[in-house]
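Worksheet: one structure, shown below.
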Amino acid sequence: LAGRTARRRSLRFVLPCEETVTLTLGERQYAGKLEDVSVGGAKLRFEGEDLPEITGLRITHDTAGEIEGTCQWLAGNSIGVSFELTDPALRLISHCLRQGVPSGSHAA
């Protein structure tokens, strides 16, 4: 719970240029955009159909690599993901923070 509370207090960074990601759910893959990132989480948006109910997931980013995550919320074609601070996750956060702009709100 302490880690979850700390993530909620983490400042979110909105990206000036959306980063492309691939979300893998079981055998299906969805191409999408990374809208914002915080320490231990991100908001992703996908074009087209609404996403199905999600259990386990994997995010693939060209620079960061593969990140295992957990769905925190799902709204149509947008998803809030939390992830452990693994090396790929830290690469994603670092990559995004270098170009991101603080949004003034905190991660949910």
Side-chain angles (χ1 to χ4, degrees):
L1 184 60
R4 179 183 255 174
T5 302
R7 273 198 296 267
R8 285 186 179 153
R9 291 189 198 125
S10 297
L11 191 60
R12 292 185 312 168
F13 286 80
V14 177
L15 304 176
C17 299
E18 293 177 331
E19 292 282 326
T20 301
V21 295
T22 301
L23 176 70
T24 303
L25 304 173
E27 298 297 317
R28 293 220 37 205
Q29 292 189 331
Y30 300 86
K33 301 292 182 182
L34 178 65
E35 288 193 342
D36 68 39
V37 69
S38 64
V39 174
K43 178 181 177 186
L44 311 173
R45 180 177 41 81
F46 299 88
E47 296 299 323
E49 65 189 284
D50 289 350
L51 296 171
E53 179 122 355
I54 297 172
T55 52
L57 61 88
R58 184 174 67 241
I59 303 166
T60 306
H61 180 267
D62 286 342
T63 301
E66 292 186 355
I67 301 165
E68 299 290 328
T70 303
C71 175
Q72 295 300 312
W73 57 266
L74 175 63
N77 64 354
S78 292
I79 179 176
V81 176
S82 66
F83 42 76
E84 297 297 319
L85 296 178
T86 61
D87 286 344
L90 291 171
R91 282 193 297 270
L92 178 68
I93 293 165
S94 174
H95 173 79
C96 293
L97 293 184
R98 281 195 297 268
Q99 62 177 318
V101 178
S103 72
S105 62
H106 296 277

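Here the closest heavy-atom approach between residue V39 and residue I93 is recorded as CA-CD1, 4.0 Å. Minimum interatomic distance between I67 and A64 (heavy atoms only, all atoms of both residues): CD1-CB, 4.5 Å. Heavy-atom minimum distance, L57 versus T70: CD2-C, 4.1 Å.
Proximity of W73 to V81: side-chain heavy atoms (C-beta onward) are nowhere separated by under 4.5 Å. Between L23 and L51, some side-chain heavy-atom pair lies under the 4.5 Å cut-off.
Residue pairs meeting the salt bridge (Lys or Arg N to Asp or Glu O under 4.0 Å) criterion with at least one partner in residues 55-69, sequence neighbours excluded, are R58-E66. Applying the ring pair (Phe, Tyr, Trp, His ring centres under 6.0 Å) test to every pair with at least one member in residues 33-53, sequence neighbours left out, gives no pairs at all.
In this structure, CG in L34 is found 8.5 Å from NE2 in H95, a value given to the nearest 0.5 Å. Between atom SG of residue C96 and atom CZ of residue R91 there is a gap of 13.0 Å, rounded to the nearest 0.5 Å. Between atom OG1 of residue T24 and atom OH of residue Y30 there is a gap of 10.0 Å, rounded to the nearest 0.5 Å. Note: E19 CD to L44 CG = 11.5 Å, rounded to the nearest 0.5 Å.
A donor-acceptor contact under 3.5 angstrom links the side chains of K33 and T20, judged on distance only. S82 and Q72 form a side-chain donor-acceptor contact under 3.5 Å, judged by distance and modelled atom types alone.
Here the options are T86, L90, L85, L92, the test is side chain to side chain contact (heavy atoms under 4.5 Å, CB included), and the partner is P88; only T86 passes.
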